[in-house]
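Structure first, then comments.
Numbers restart at 1 for each chain; the letters A, B, ... are given by sequence-line order, proteins then strands.
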Amino acid sequence: MGIKRFFHQMGSPQYFYRVAGLWIPWLLGASLLLLVIGWVDGLVYAPTDYQQGDSYRIMFIHVPAAWMSMFIYMVMAFSGLLSLVWRVKMGEVIAVSCAPIGASFTLLALATGSLWGKPMWGTWWVWDARLTSELILFFLYLGVIALYGAIEDRRVGARAVAILALVGVVNIPIIHYSVEWWNTLHQPATITKLGKPSIVPSMLIPLLIGALAFKLFFFATVLMRARNELLERDRNTRWVKNLLEAEAK
Amino acid sequence: MSEFLHMGGYAAYVWPSYGLALVILVYNLIGPLAQHRRLRAAILRKARRAGRHAR
């Protein structure tokens with residue numbers, strides 16, 4: 001199947017709904033399996049850190065959650081761009097489906113950061129560049145959710161959301177480079193920098209497994225939400241009625 | 001085992017982190033599943049009502 005034909009077909013709500021339904025169980029299954037492996041590896045087998053003791057095990061949640069908070073935002077903004085520029089209707093559906101998941105991972109990154117900061121820095125929170133820009137990311141997600149909820153017409157709402165998401169993209173490099181541009185309590189990048197990551201493999205592997213688990217989990221749940229969004233939007237169409245009546249039998 | 005749960009004295013920070021992660025994962029699963037059930041019921045109810053009127 002050609003790539004062009006694939007994208008054309010995925011633009012059809014009916015086809016998207018069906019194919020997403022096929023992928024979701026596999027994505028979820030793989031994600032939960034990796035999550036168990038990554039967490040057991042991180043909590044049991046990874047060695048205790050010589051500086052931070054066992055508190056550093058929060059990293060196996062905190063870092064993947066923080067990566068997801070930015071990755072999901074970029075997916076949301078890019079889908080929004082597709083919907084604005086090329087009128088890809090599926091882009092609207094994906095963009096609005098990203099927001100609640102992104103908000104929840106951002107909250108997880110902030111909360112686990114606090115739980116890690118208290119024993120290591122002696123404080124739950126500081127208004128430094130990294131923490132503040134991540135908090136702004138959380139508010140951007142909340143803004144997207146609120147804006148979409150406030151506008152009656154879903155297509156108009158999705159367009160407004162896409163613009164807000166695109167404007168907010170400016171925050172993403174600020175989050176990433178904040179630890180270099182400003183003096184901050186937060187430690188600089190360990191993995192996502194040029195050159196060799198300064199972390200031993202026994203700690204890096206559970207971290208990467210956990211990150212992959214979160215990523216697959218996001219793909220599964222964004223498809224679940226996108227399917228709901230499609231049902232809602234097309235609730236008065238024949239394909240939705242036929243599909244639900246066939247399922248109900 | 002109790003040494004494992006103790007997390008070198010950081011149990012009060014490590015376990016809530018993993019607990020919250022679980023809560024957030026479960027929320028992201030239950031949320032769309034419940035919404036799907038609600039939507040399906042609502043659409044089917046409306047379709048049946050419309051079907052009755054047509055007869």
Side-chain angles (χ1 to χ4, degrees), chain A residues 24 28 31-32 35 39 42-44 48-49 52-62 64-65 97 100-101 103-105 107-108 111-120 210 213-214 217-218 220-229 231-232 234-236 240-245 247-248, chain B:
Chain A
I24 288 165
L28 268 186
S31 147
L32 295 181
L35 198 73
W39 284 14
L43 284 170
V44 182
T48 301
D49 187 70
Q52 303 201 3
D54 286 316
S55 76
Y56 94 93
R57 295 182 200 279
I58 294 172
M59 172 184 77
F60 300 123
I61 306 286
H62 175 71
S97 303
I101 311 172
S104 69
F105 275 105
L107 185 65
L108 182 60
T112 53
S114 254
L115 284 162
W116 197 3
K118 184 63 184 165
M120 290 300 111
F214 274 10
F217 183 84
F218 160 66
T221 50
V222 79
L223 290 179
M224 288 166 77
R225 285 183 190 272
R227 269 163 56 103
N228 288 343
E229 182 71 24
L231 282 188
E232 177 93 60
D234 287 357
R235 58 191 305 159
N236 295 320
V240 167
K241 272 179 206 145
N242 288 345
L243 180 98
L244 294 185
E245 272 160 7
E247 273 179 22
Chain B
M1 188 65 193
S2 88
E3 196 193 339
F4 172 66
L5 291 178
H6 190 242
M7 275 292 148
Y10 294 112
Y13 304 103
V14 174
W15 296 119
S17 297
Y18 282 78
L20 185 67
L22 271 183
V23 167
I24 280 179
L25 293 176
V26 168
Y27 155 80
N28 273 310
L29 275 182
I30 303 287
L33 283 175
Q35 191 196 16
H36 187 79
R37 255 200 307 276
R38 264 200 316 274
L39 255 172
R40 226 175 76 162
I43 295 170
L44 280 174
R45 211 180 310 123
K46 210 180 151 203
R48 290 208 184 100
R49 211 179 304 137
R52 256 205 313 278
H53 287 309
R55 251 167 246 148

Evaluation steps, side-chain contact (heavy atoms from CB on, under 4.5 Å), between B:Val14 and A:Leu43 = CA-CA 9 Å; B:Val14 174; A:Leu43 284 170; 4.2 Å; yes
message = Take a 6.0 Å sphere around CD of B:Glu3 and say whether it holds more than 12 heavy atoms from other residues, nucleotides or ligands.
response = no
key: Backbone of B:Gly8 reached by a side-chain donor or acceptor of A:Asp54 within 3.5 Å   = yes
task = Rounded to the nearest 0.5 Å, what's the gap from NZ on A:Lys241 to CD1 on B:Ile43? Could you check?
result = 9.0 Å
side-chain contact (heavy atoms from CB on, under 4.5 Å) between B:Asn28 and A:Met224, worked out = CA-CA 10 Å; B:Asn28 273 310; A:Met224 288 166 77; over 6 Å; no
key: Least distance between heavy atoms, A:Phe217 atom then B:Leu25 atom   = CZ-O, 3.2 Å
Gap between atom CD1 of A:Ile61 and atom OG of B:Ser17 - 0.5 Å precision = 7.0 Å
ask   = CE/B:Met7 to OG1/A:Thr48 distance, rounded to the nearest 0.5 angstrom?
value = 8.0 Å
key: pair B:Leu29-A:Leu28: side-chain heavy atoms closer than 4.5 Å   = yes
inquiry  = Using modelled atom types and a 3.5 Å cut-off, is there a donor and acceptor pairing between side-chain atoms of B:Tyr18 and backbone atoms of A:Arg57?
reply    = yes
note = All heavy atoms of B:Leu20 vs all of A:Ala111, minimum pair found to be CD2-CB, 3.3 Å
note = Rounded to the nearest 0.5 Å, the CG atom of B:Leu22 sits from the CG atom of A:Leu108 at a distance of 10.0 Å
ask   = Is chain B contacted by the side chain of A:Leu243, its backbone, both, or neither, given a heavy-atom distance below 4.5 Å?
value = neither
key: Contact class of A:Phe214 relative to chain B, heavy atoms under 4.5 angstrom   = side chain
remark   = One should read off an interatomic distance between B:Ile30 CD1 and A:Thr221 OG1, to the nearest 0.5 angstrom, of 12.5 Å
request  = Using non-hydrogen atoms and a 4.5 Å limit, figure out which bit of A:Glu247 sits close to chain B: side chain, backbone, both or neither.
outcome  = side chain
task = Sort out for me which of A:Ile58, A:Leu107, A:Leu32 touches chain B most, counting heavy-atom pairs under 4.5 Å.
result = A:Ile58
ask   = Are A:Leu231 and B:His36 close enough that some pair of their side-chain heavy atoms sits under 4.5 Å apart?
value = yes
request  = Rounded to the nearest 0.5 Å, what's the gap from CD on A:Glu232 to CZ on B:Arg38? Could you check?
outcome  = 9.5 Å
ask   = Out of A:Trp39, A:Tyr56, A:Phe60, which one racks up the most heavy-atom pairs below 4.5 Å with chain B?
value = A:Trp39
inquiry  = Which atoms of B:Tyr10 are under 4.5 Å from chain A, going by heavy atoms: the side chain, the backbone, both sets, or neither?
reply    = side chain
query = A:Met120 versus chain B, heavy atoms under 4.5 Å apart: side chain, backbone, both or neither?
reply = side chain
